[in-house]
Amino acid sequence: MSIIIEPIPCFETNYVWLIYDEVYKNAVVVDPGDAKSVLQVLEEKQLSLKTILITHFHNDHIGGIGELKSTFQCEVVAPEKEAAHIPDVDRFLHEGDYVSLGNIGKAQVLETPGHTLGSICYYLSDLKVVFTGDTLFSLGCGRLFEGSPAMMYHSLNRLATLPDETMVYCAHEYTLDNGRFATSVLPNYQPLKNRLEQVKQLRQNHLPTLPVSLGEEKKTNPFLLAKNVTEFTDYRKAKDHFA
């Protein structure tokens with residue numbers, strides 16, 4: 001069976017990730033901030049939405065839940081620590097839980113606080129993919145809206161323990177901007193230069209820069225290369241003020 005993972009762009013930079021099997025036409029979406037764009041793609045591909053995976057409560061990740069659920073009566077799963085902020089959830093998740101996705105497989109829940117206190121990621125070991133929401137971006141990481149630098153540093157290092165061949169699917173097309181900052185702190189670092197050149201070519205051709213292998217991120221992402229919490233904190237503060 002062939003499992004397909006595709007981005008559904010919405011808003012200015014968001015990707016809703018669509019996962020589906022070509023045989024049974026069952027689908028899963030991750031962080032559907034907008035229902036209209038998702039419904040259009042599901043209709044075009046004649047897919048039946050079975051599960052919605054939510055990484056955190058920000059509206060650009062949850063805004064489409066209600067309409068999608070009313071259309072498909074699908075299961076909605078979300079982080080338990082953000083239960084007060086997310087509507088229409090069938091099952092709340094915490095560290096160590098697994099979510100069955102039918103023919104697609106199962107997703108392991110990793111608690112990764114930092115961007116928000118309850119942020120989670122979904123790791124599908126059989127497919128060798130991880131959906132990181134706004135925790136880990138390509139060449140960057142999420143802003144610390146609620147968590148501390150130490151929290152995010154720990155969460156990123158937790159993700160870095162996954163196998164290098166794991167493909168990272170994050171929720172925003174930020175890679176080019178992140179690369180500009182990354183080269184400001186690692187100006188003569190050849191692996192980063194190589195990655196940024198690849199990113200520029202993809203964007204010039206209007207293609208996503210994602211997914212990217214975790215191994216590539218561990219070589220080129222300054223937030224994964226930070227030696228300790230202090231260095232991570234310095235990078236995060238610098239990125240927050242980077243023009």
Side-chain angles (χ1 to χ4, degrees), residues 1-79 82 85-91 93 99-107 115-116 119-122 124 127 129-138 142 167-177 199 201-212:
M1 184 187 304
S2 180
I3 305 298
I4 308 296
I5 305 176
E6 296 177 357
I8 302 174
C10 65
F11 310 127
E12 290 186 7
T13 66
N14 284 69
Y15 288 142
V16 178
W17 290 106
L18 169 67
I19 317 160
Y20 65 96
D21 72 76
E22 292 185 298
V23 176
Y24 295 100
K25 297 290 188 178
N26 292 329
V28 174
V29 294
V30 185
D31 288 347
D34 174 61
K36 182 179 179 181
S37 55
V38 174
L39 288 168
Q40 181 179 340
V41 173
L42 293 174
E43 183 177 356
E44 287 172 357
K45 296 181 180 294
Q46 297 183 307
L47 299 173
S48 177
L49 182 61
K50 299 299 184 182
T51 309
I52 295 174
L53 305 178
I54 300 296
T55 63
H56 67 287
F57 72 88
H58 288 159
N59 195 59
D60 62 321
H61 294 249
I62 69 170
I65 291 175
E67 188 173 349
L68 291 171
K69 185 173 182 178
S70 66
T71 303
F72 288 97
Q73 289 75 53
C74 53
E75 181 183 33
V76 180
V77 300
E82 299 188 350
H85 303 294
I86 306 173
D88 301 311
V89 177
D90 297 292
R91 180 185 171 197
L93 306 169
V99 182
S100 174
L101 303 175
N103 299 312
I104 290 168
K106 63 180 180 180
H115 181 65
T116 65
S119 290
I120 61 176
C121 297
Y122 296 92
L124 285 68
L127 298 181
V129 302
V130 63
F131 295 92
T132 60
D134 287 2
T135 298
L136 174 64
F137 295 130
S138 184
M167 300 305 290
V168 175
Y169 292 81
C170 56
H172 290 273
E173 184 55 75
Y174 287 161
T175 315
L176 191 56
D177 284 343
V199 166
Q201 291 178 6
L202 288 168
R203 296 311 293 156
Q204 284 169 3
N205 291 314
H206 308 289
L207 295 172
T209 62
L210 304 162
V212 58

Nearest 0.5 Å please: distance from the [atom1] atom of [X] over to the [atom2] atom of [Y].
X: Leu39; Y: Phe72; atom1: CG; atom2: CZ; result: 6.0 Å
X: Ile65; Y: Cys74; atom1: CD1; atom2: SG; result: 9.0 Å
X: Leu68; Y: Ile62; atom1: CG; atom2: CD1; result: 12.5 Å
X: Ile3; Y: Asn103; atom1: CD1; atom2: CG; result: 7.0 Å
X: Thr116; Y: His56; atom1: OG1; atom2: NE2; result: 6.0 Å

Output all residues satisfying ring-ring contact (aromatic ring centres under 6.0 Å, His included) with [X], sequence neighbours left out; order by chain, then residue number.
X: Tyr122; value: none
X: Phe57; value: His85
X: Tyr20; value: none

Task: Residue of the set Ile120, Thr55, Val89, Leu93 for which side-chain contact (heavy atoms from CB on, under 4.5 Å) holds with Pro79 - done: Ile120
Test of understanding: with salt bridge (charged side-chain N to carboxylate O under 4.0 Å, His left out), list the residues that count as partners of [X], not counting sequence neighbours.
X: Asp177; answer: Arg180
X: Glu173; answer: Arg203
X: Lys45; answer: Glu6
X: Lys50; answer: none

Task: For the student: nearest non-hydrogen atoms of Asp88 and Gly66, plus distance - done: OD2-CA, 3.6 Å
[X] vs [Y] side-chain heavy atoms within contact, under 4.5 Å:
X: Ile5; Y: Trp17; value: yes
X: Thr135; Y: Cys170; value: no
X: Tyr15; Y: Leu210; value: yes
X: Val129; Y: Ile19; value: no

Task: Listed partners of Thr13 passing side-chain contact (heavy atoms from CB on, under 4.5 Å), at least two apart - done: His172, Tyr174
Those residues that, when tested against [X], pass side chain to side chain donor-acceptor pair (under 3.5 Å) (two or more places apart):
X: Gln204; result: none
X: Thr132; result: none
X: Asp34; result: Ser37

Other residues, nucleotides, ligands: >12 heavy atoms within 6.0 Å of [X] [atom1]:
X: Lys25; atom1: NZ; answer: yes
X: Glu44; atom1: CD; answer: yes
X: Gln73; atom1: CD; answer: yes

- [ ] Scan for salt bridge (charged side-chain N to carboxylate O under 4.0 Å, His left out) pairs involving residues 62-78, sequence neighbours excluded, and state none if there are none.
- [x] Lys69-Asp90
